[in-house]
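All chains are named by letter (A, B, ...) in the order of the sequence lines, taking the proteins before the strands, and each is independently numbered beginning at 1.
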Amino acid sequence: MEPTDIPKAYDPKEWETKLYQKWEESGFFNPDTCIEKGVTKTDAKTFSIVLPPPNVTGHLHAGHAAMLAVEDSIVRYHRMKGDRTLWIPGTDHAAIATQSKVESIIRKEEGKTRHDFTRGEFLDRVNRFAQDSHDRITHQVRKMGSSVDWSREAYTLDEKRSFAVRTAFKRLYDDGLIYQGDRIVNWDPELQTTVSDDEIERKEEKSPFYYLQYGPFVISTSRPETKFGDKYVVMHPNDERYAEYIHGQKISLEWISGTITATVIKDESVDPSFGTGVMTITPWHDAVDFDIAERHTLDGEQIIGFDGKLLPIAGPFSGLPILEARKKIIELLTEKGLVVKIDENYVHNIATNSRGGGLIEPQIKKQWFIAVNKEFERDGDMVTLKQLMRRPVRPGGEITILPKQFEKVYFHWIDNLRDWCISRQIWFGHRIPVWYKKPTTDNGQLTTDRKGEIEMYCGVEAPEGDGWEQDPDTLDTWFSSGLWTFSTLGWPDEKAKDFVDYHPTSLLETGYDILFFWVARMILMSEYFLNTQPFDTVYLHGLVRDSQGRKMSKSLGNTIDPLDVSEVHGADAMRLSLLSGTTPGNDIRLSDEKILSMRNFTNKLWNLARYVGTMSGDTGTAEPEAKSDADKDLIQKLDTIVASVTRHLDHYELSMAVDELRDFTWGDFADWYVETHKVEHNDALLRYAFDIIIRLWHPFMPFVTEAIHQTLHLDESELLMVAKWPENENIRKTTANENRFALVKNIIIGIRNVRATYRIDPAKKLIVSAYGGSEKAFGENELVFKRLARISEIRHMDSQVPPKDSLRIQSGLLYAYLHIEGIIDIEAERTRLGKELAEAEKYATSLEAKLGNPSFTDRAPVTVVAQTKATLDETNAKADELRSHLASIS
RNA sequence: GGUCGCUUAGCUCAGUUGGUUAGAGCACUGCAUUCACAUUGCAGGGGUCGGUGGUUCGAGUCCACCAGCGACCACCA
């Protein structure tokens, strides 16, 4: 194509679908193909990452787009660098979230509940819905340009992952770490299932708070409807107000449904300063009460049924829903004169199911748990799962969490972790691999001598023989996601090639909101089953918010659909908006202005390509000759930016990489060098530089850069996607130069600080304080110390006052500095500085000769000279000031 | 109640281990523009880096306290 035929504006629609198809068909998303086709060396080091599987509940939102942008940038960078790079895509069945979504659709559209279907029929519906979501999601992932290896796509509920789940369950079961027990759980009466502690979302709600007469005590509650069975009254053992009552004492009193006998319990968990310092307990419907009851082996009764209605124990209130019952019970208590006070404006936390369900009602129920505090043997030591979860994260551990402060949050969470309830009474998910059989004789009759006993079998596959019935419950969705880093790589086959090659994975990138749900559980599973960490680095991105900092929600109408944006402005602009100006752990503000400015930049790049396209030139990759000062400067800047972007990418500092690269591209290259080029015409260098720029941009903006590559053919490679990352000897040179530059910089600072502390003493003397040389501030470079020592010498030479505190040492040897105070001759100082300037110039020349790199040497030493000159001027000014000062006082 | 974080230009935010004159985008002002690009260029204005103290030769950066905001966790019945 002739450059003049290239359209003036970049049109993403023209390119994106076409290019993605080309990438996908090339097979280079698959590291095996990269090796086959010689793009990656067989022995290259691996870089692997799993895509946090999006829930099959609908479509992708801006948060997913941020995730894809970060991950794709890093993955493309590693692929170009020549690493064996694997990025595994997948989707999550998201058990409860998906089921509740489908249930609500069915309710809305057909007025039916899941119980109007058989389990099989209902699952068909959910699976169909999940399939649609899956298709939509994978389409969207492609639209964003994500270079995932589709040939390895996984689904948390597919056959391979289900096998892994059953294997994992059985091993934990056999090791005694999964148990079944009657424990208090979070029950969602609406979805008819338990949910884990972490899935609960607490909301503040104003509701009346009742003070009730309970025998000689006044107790308080916001839930009178649970109080029917309350026959234990609890207070702190040291509460003097109630010293007359002793533990175990029985008291007869009038209560909701008549006279009852209450027992006094003393327990330290009661806060004497709250309310009246007395409370009654409802062990069946309150976790704290349950604990108290367990401590004192008290019994409890179920008051509220699993359908959220009161049970027969409530007498006349039986069958009423909670709120209705509450009202009527208060009416009754008021009649009986037992209501002491009602606080109408009490605010308390209510628990709701964050996965789309209703108000949580604590219930005691037989459930499956993972014991996180139970000791077991590991490598000869006794450990718990909790300890295993801490191991890789603590200082010196294998896992780095970015940003670091989330490590504290992580540990805090582990400290408060209770046994993990993994069973759910929903249909969609991994069925618990446990089967039961009522004991029978050979002829199939129930045996009479073992009546009530049930035989139990846990296995990866169903047991042989008849009469076995599988546990109806399913597993918490995070059980299967916890295995994700290795179930996607072929585990439980520990010899699977992918598993051996790519685990532990290199990076996990996800939102900080699922640190506990997911990240922690992956660490648990990997540490337990594999005795190793699931990933080396965790990069937590923030929530995407609108320009005013609000969460994006449909009801606010402030959602930005990444697909809509990509459609209009291109996926590149969308990606860049989500990368620039963002840091791990902090929320991302997304606005139309930002997207537009990134779109403008995309176009800038495109037009640079049009300009470069009009130039002839070789397509070689060798660095062309620098013909002018501008050329030299460009090469130097190019070296610096390559090194800098590379370093930032290695440290997952994407925002800094993008921002610096954009400043360079737009400011240094487009606005400055291209203008110079119009006069000086070094076409080869122009093309060479632009080729590097395009490669550097590719990880962040894959589409427009590939489009440019396809149009201009700046080098021989067919796809920019697998072009070599600009990493040549220049980088090493530049890094070394940068170190030297830092060194020189510190020397300058040393000189300046000496100058900065001049002051004129009233006793006609110029006092100078010279500070210099701490190992920490000035680095360990010999040259620096030499230089500083020389300055100190000069001070000593003129010093008349023996410095009292000439040497002070702080924090041991790490921070030592010299402090010399003395009187100096301003004329001598001026002469000395003149000499120093000459020396600096000489130093610049010698440094130049030593380094032998023109792109650097004409900068730093010259800066030294300039700075020294400035110091000389400053000294001259000081001298004049001193002179007039002396004149005025004499 | 506990923990963590935030406060930098009018707005949204960067600022890696303390180091030269604190930066970017958008917005604003003036000028330019047939020459790759008006999705443009050049020049410019705008900051007591929340406050007070401390450490340091040097603090936006480290420490203490205070103020405002936010998030997460938690058993206040």
### Query
Between A:R647 and A:D650, is there a salt bridge with N-O shorter than 4.0 Å?
no

### Query
For A:K408 and B:rU3, is the shortest distance between a side-chain N/O and OP1 or OP2 below 4.0 Å?
no

### Task
Report the base-pairing partner of B:rU12 (Watson-Crick or G-U wobble, both distances below 3.5 angstrom), or none.
B:rA24

### Message
Looking at B:rU48, which nucleotide sits across from it as a Watson-Crick or G-U wobble partner, both distances under 3.5 angstrom, or is there none?
### Response
none

### Query
Mind checking the C1' distance from B:rG30 to B:rU48? Whole angstroms is fine.
29 Å

### Message
So, does A:N586 get its side chain near the phosphate of B:rC6, meaning an N or O under 4.0 Å from OP1 or OP2?
### Response
no

## Note on the structure
Of A:S580 and A:K594, the one whose closest nucleotide on RNA chain B sits nearer the 5' end is A:S580

### Query
Can you tell me the Watson-Crick or wobble partner of B:rG60, both distances under 3.5 angstrom?
none

#### Entry: B:rG51 and B:rA59, which share atom name C1', separated by this distance in whole Å
16 Å

### Message
So, does A:K678 get its side chain near the phosphate of B:rA36, meaning an N or O under 4.0 Å from OP1 or OP2?
### Response
yes

### Separation of B:rG15 P from A:H648 NE2 (nearest whole Å)
10 Å

### Message
Whole angstroms only, please: what is the CZ-P distance between A:F601 and B:rA36?
### Response
19 Å

### Query
Which one is paired to B:rU55, where only Watson-Crick or G-U wobble pairs with both distances under 3.5 angstrom count?
none

## Note on the structure
Exactly one candidate in A:I342, A:L338, A:I329 meets side-chain contact (heavy atoms from CB on, under 4.5 Å) with A:Y210; the answer is A:I342

### Task
Using a strict cut-off of less than 4.0 Å between a Lys/Arg side-chain nitrogen and an Asp/Glu carboxylate oxygen, indicate whether A:R223 and A:E361 qualify as a salt bridge.
yes

### Message
Any salt bridge linking A:D592 with A:R599? Criterion: basic side-chain nitrogen under 4.0 Å from a carboxylate oxygen.
### Response
no

#### Entry: Close aromatic pair by centroid cut-off 6.0 Å: A:H296 and A:Y232
no

#### Entry: Minimum-distance nucleotide (side-chain atoms of A:D671 versus B:rU39, B:rG41, B:rA24)
B:rG41

### Query
Are A:K266 and A:Y242 in a cation-pi setup, meaning NZ or CZ lies under 6.0 angstrom from the ring centre and within 45 degrees of the ring axis?
no

### Task
Let me know the distance between CG of A:L596 and P of B:rU39, rounded to the nearest Å.
11 Å

### Task
Would you mind telling me which of B:rC37, B:rA14, B:rU39 lies closest to the side-chain atoms of A:N600?
B:rU39

### Inter-nucleotide P distance (B:rU39, B:rA27), Å rounded
12 Å

### Query
Distance between the C1' atoms of B:rA71 and B:rC49, in whole angstroms?
23 Å

### Query
Nucleotide by nucleotide, 5' to 3', does protein get under 4.0 Å of the base (B), only the sugar-phosphate (S), or neither (-) in nucleotides 71-77 of chain B, counting heavy atoms?
--SBBBB

### Message
Over all strands shown, is A:A609 touching base, sugar-phosphate only, or nothing at heavy-atom distances under 4.0 angstrom?
### Response
nothing

### Query
Mind checking the C1' distance from B:rU3 to B:rA74? Whole angstroms is fine.
10 Å

### Message
Would you measure the distance from the C1' atom in B:rC66 across to the matching atom in B:rC11 and give it in whole Å?
### Response
28 Å

### Query
Among B:rA36, B:rG5, B:rG15, which nucleotide sits nearest the side chain of A:Q405?
B:rG5

#### Entry: Who pairs with B:rC42 - Watson-Crick or G-U, where each distance is under 3.5 Å
B:rG30

### Query
Of all the choices, B:rU12, B:rC26, B:rA36, which nucleotide is nearest to the side chain of A:R589 once you look at every atom?
B:rU12

### Query
Hey, would you say the A:W15 and A:F703 ring centroids sit under 6.0 Å apart?
no

### Task
May I have the distance from A:I588 (atom CD1) to B:rG70 (atom P), rounded to whole angstrom?
21 Å

### Query
Quick one: which of B:rA14, B:rC37, B:rG25 gets closest to the side chain of A:S597?
B:rG25

### Task
Pick base, sugar-phosphate or nothing for A:E653, based on heavy-atom distances below 4.0 Å to the nucleic acid.
base

### Query
Given the P atoms of B:rC73 and B:rC26, what is the spacing between them in whole Å?
38 Å

### base_contact_polar (B:rC37 base, A:K604 side chain, donor-acceptor, <3.5 Å)
yes

With a cut-off of 3.5 Å and sequence neighbours excluded, list every side-chain donor-acceptor pair involving residues 663-671 of chain A.
| residue | atom | partner | partner atom | Å |
| --- | --- | --- | --- | --- |
| A:T665 | OG1 | A:L661 | O | 2.6 |
| A:T665 | OG1 | A:W697 | NE1 | 3.0 |

### A:E675/A:K678 salt bridge by N-O under 4.0 Å criterion
yes

### Message
Measuring only the C1' atom in each nucleotide, how far is B:rC65 from B:rC28? A whole number of Å is fine.
### Response
39 Å

### Query
Between atom CD in A:E660 and atom P in B:rG25, what is the gap in whole Å?
14 Å

### Query
Which whole-number value in Å describes the distance from A:K13 NZ to B:rU39 P?
16 Å

### Query
Would one find a side-chain N or O of A:T583 under 4.0 angstrom from OP1 or OP2 of B:rA14?
yes

### Message
Within the supplied structure, the quantity of interest is the number of heavy atoms (other residues, nucleotides, ligands) at a distance under 6.0 Å from A:R418 CZ; does it exceed 12?
### Response
no

### Task
Return the value, rounded to whole Å, for the distance between atom CZ of A:R662 and atom C1' of B:rG23.
12 Å

### Message
Counting only Watson-Crick pairs (N1-N3 plus N6-O4 or O6-N4) and G-U wobbles (N1-O2, O6-N3), all under 3.5 Å, who is the partner of B:rC6?
### Response
B:rG68

### Query
Between A:E675 (CD) and B:rG41 (P), how many Å, whole number?
10 Å

### Task
Counting Watson-Crick and G-U wobble pairs only, both distances under 3.5 Å, name the nucleotide matched with B:rU17, or none.
none

